[in-house]
Q: 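First the structure, then my questions, so here it is.
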Amino acid sequence: MTAELSGSALRVSEELRRLGVRSEVLTMPESTRSAREAASAVRCDIAQIVKSLVFRSVDRDAAILVLVSGAHRVDEVRLSGIVGGPIERAGGKFVRERTGYAIGGVPPLGHQEPLPTYLDEHLLAERLVWAAAGTPRTLFCISPEDLLRVTSAMVVAVACQ
Ligand code: 5CA
């Protein structure tokens, strides 16, 4: 029930509705902080979990969002090439400031400010995927095509095992 969602999850839920996505934010009884925990909570393959990872463009001090499957890691050399400059993993404070959410619950949309977003091509092989909804116990289910549409992401090959 939407009425039971916390502020962060409620923001994501409202953003999904505003964007025309018919997906309900689910609050799980257990932690969904990591991709492994999230996959276990909804009993899906880890490849169906969307990790919303924040990087920092060192030159521009700008946040960059990368959506990659739970089965993959981001190849930082490739990402740097795509972005066109040095990048680094964002720390917790930077993530919270730029997205409005804490690590473990960062959603792929509904951020403090619009973030340049890259979606790894492997996610498009799944029929449905699950993403964090603002907290480390909430998730929502979406087709990769809808995820691409609502995030205005650029599809890239940025994953490694
Ligand atoms: N809710 C889950 C599944 S959707 C989730 O948010 N997974 S995640 O992968 O997108 O977010 C957790 C990620 O945050 C980890 O993969 C890890 O790379 C990163 N992380 C964890 N702790 C830190 C930290 N202290 N600083 C920077 N990144 C961190």
Side-chain angles (χ1 to χ4, degrees), residues 5-13 15-16 19 21 23-58 61-80 83 86-112 115-144 146-148 150-151 153-156 158-161:
L5 295 176
S6 75
S8 295
L10 193 58
R11 261 187 288 152
V12 175
S13 171
E15 185 67 1
L16 286 169
L19 292 162
V21 179
S23 175
E24 199 182 334
V25 169
L26 302 184
T27 302
M28 308 310 294
E30 64 266 64
S31 167
T32 58
R33 186 178 297 275
S34 69
R36 190 168 301 281
E37 287 173 327
S40 160
V42 294
R43 295 190 173 81
C44 72
D45 194 284
I46 195 151
Q48 289 177 275
I49 298 296
V50 180
K51 296 194 286 190
S52 302
L53 301 175
V54 181
F55 289 82
R56 176 176 168 270
S57 154
V58 177
D61 187 36
I64 296 157
L65 186 69
V66 181
L67 309 179
V68 66
S69 114
H72 291 99
R73 295 159 50 84
V74 171
D75 182 328
E76 296 188 22
V77 174
R78 275 203 214 177
L79 179 61
S80 174
V83 169
I87 52 102
E88 63 182 18
R89 278 309 265 261
K93 184 164 173 280
F94 183 87
V95 170
R96 186 183 274 281
E97 282 172 1
R98 301 301 178 97
T99 69
Y101 303 90
I103 284 173
V106 176
L109 47 81
H111 307 116
Q112 191 104 323
L115 301 179
T117 303
Y118 299 93
L119 183 145
D120 182 69
E121 60 184 6
H122 288 86
L123 284 170
L124 298 173
E126 305 297 329
R127 194 174 70 80
L128 291 170
V129 294
W130 292 83
T135 78
R137 269 184 42 190
T138 52
L139 295 167
F140 68 94
C141 187
I142 189 168
S143 71
D146 275 351
L147 183 62
L148 191 57
V150 298
T151 58
M154 182 183 293
V155 178
V156 290
V158 79
C160 56
Q161 291 288 345

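Counting convention: from 1, in listed order, for ligands and their atoms alike.
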Q: Write out the residue and atom name of the closest protein heavy atom to atom 7 (N) of ligand 1, then the distance separating them to 0.1 Å.
A: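 Ranked first by proximity to atom 7 (N) of ligand 1 is Arg33 O, 3.5 Å.
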Q: Among all residues two or more places apart in sequence or in another chain, which pass the salt bridge (Lys or Arg N to Asp or Glu O under 4.0 Å) test with Arg36?
A: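 Residues passing salt bridge (Lys or Arg N to Asp or Glu O under 4.0 Å) with Arg36: none at all.
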Q: Tell me the protein heavy atom at minimum distance from atom 18 (O) of ligand 1, and give that distance in Å.
A: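 Protein heavy atom with the smallest distance to atom 18 (O) of ligand 1: Arg89 NH2, 2.3 Å.
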Q: For atom 13 (C) of ligand 1, grab the closest protein heavy atom and report residue, atom and distance to one decimal in Å.
A: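 Residue, atom and distance for the closest contact: Leu53 CD2, 3.9 Å.
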Q: Below 3.5 angstrom, do we get any N/O pair linking Trp130 and ligand 1?
A: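 For ligand 1, there is no N or O atom that lies under 3.5 Å from one belonging to Trp130.
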Q: State, yes or no, whether a side-chain contact exists between Phe55 and Val66 at a heavy-atom distance under 4.5 Å.
A: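 SC-SC contact between Phe55 and Val66 confirmed.
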Q: Name the residue from Val74, Val77, Ile64 that meets the side-chain contact (heavy atoms from CB on, under 4.5 Å) definition with Ile87.
A: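 The single option meeting the side-chain contact (heavy atoms from CB on, under 4.5 Å) with Ile87 is Ile64.
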Q: Would you call Pro136 a ligand 1 contact, heavy-atom distance under 4.0 Å?
A: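 Flag not set, Pro136 not near ligand 1.
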Q: Using distance alone, determine whether Ser52 and ligand 1 share an N or O pair under 3.5 Å.
A: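 In this structure, Ser52 places an N or O atom under 3.5 Å from an N or O of ligand 1.
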Q: Please name the pair of heavy atoms, one in Ser52 and one in Pro107, separated by the smallest distance, quoted to 0.1 Å.
A: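 That would be OG-C, 3.6 Å.
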Q: Going by the rule salt bridge (Lys or Arg N to Asp or Glu O under 4.0 Å), which residues pair with Arg137 if we only count those two or more places apart in sequence or in a different chain?
A: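 So Arg137 forms no salt bridge (Lys or Arg N to Asp or Glu O under 4.0 Å) with any residue.
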Q: For ligand 1, which atoms have a heavy atom of Val50 less than 4.0 angstrom away?
A: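 Once the distances to Val50 are compared, the set is 4 (S).
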Q: Any N or O on Thr32 sitting closer than 3.5 Å to an N or O of ligand 1?
A: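 Between Thr32 and ligand 1, an N or O pair is found under 3.5 Å apart.
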Q: Enter the distance from Leu79:CG to Arg89:CZ here, rounded to the nearest 0.5 Å.
A: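 It is 10.0 Å, given to the nearest 0.5 Å.
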Q: Would you give the length of the straight line joining atom CE of Met28 to atom CD of Glu37, rounded to the nearest 0.5 angstrom?
A: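 Here the interatomic distance stands at 12.0 Å.
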Q: With atom 11 (O) of ligand 1 as the reference point, say which of Ala133, Gly91, Gly104, Ala38 has the nearest heavy atom.
A: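 Checking each option, the heavy atom nearest atom 11 (O) of ligand 1 is found in Gly104.
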Q: Going by the order shown, which atoms of ligand 1 are within less than 4.0 Å of some heavy atom of Ile103?
A: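 So the answer, numbered in order with elements, is 14 (O), 20 (N), 21 (C), 22 (N), 23 (C), 24 (C), 26 (N), 27 (C), 28 (N), 29 (C).
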Q: Quick one: does Ala90 get a heavy atom under 4.0 Å from ligand 1?
A: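 Yes, Ala90 has heavy atoms under 4.0 Å from ligand 1.
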Q: Test the Arg11-Tyr101 pair against the cation-pi criterion, namely NZ or CZ under 6.0 angstrom from the six-membered ring centroid and within 45° of the ring axis.
A: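 So Arg11 does make the cation-pi contact.
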Q: Below 4.0 Å, non-hydrogen atoms only: which portion of Glu37 touches ligand 1? Side chain, backbone, both or neither.
A: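 The answer is neither.
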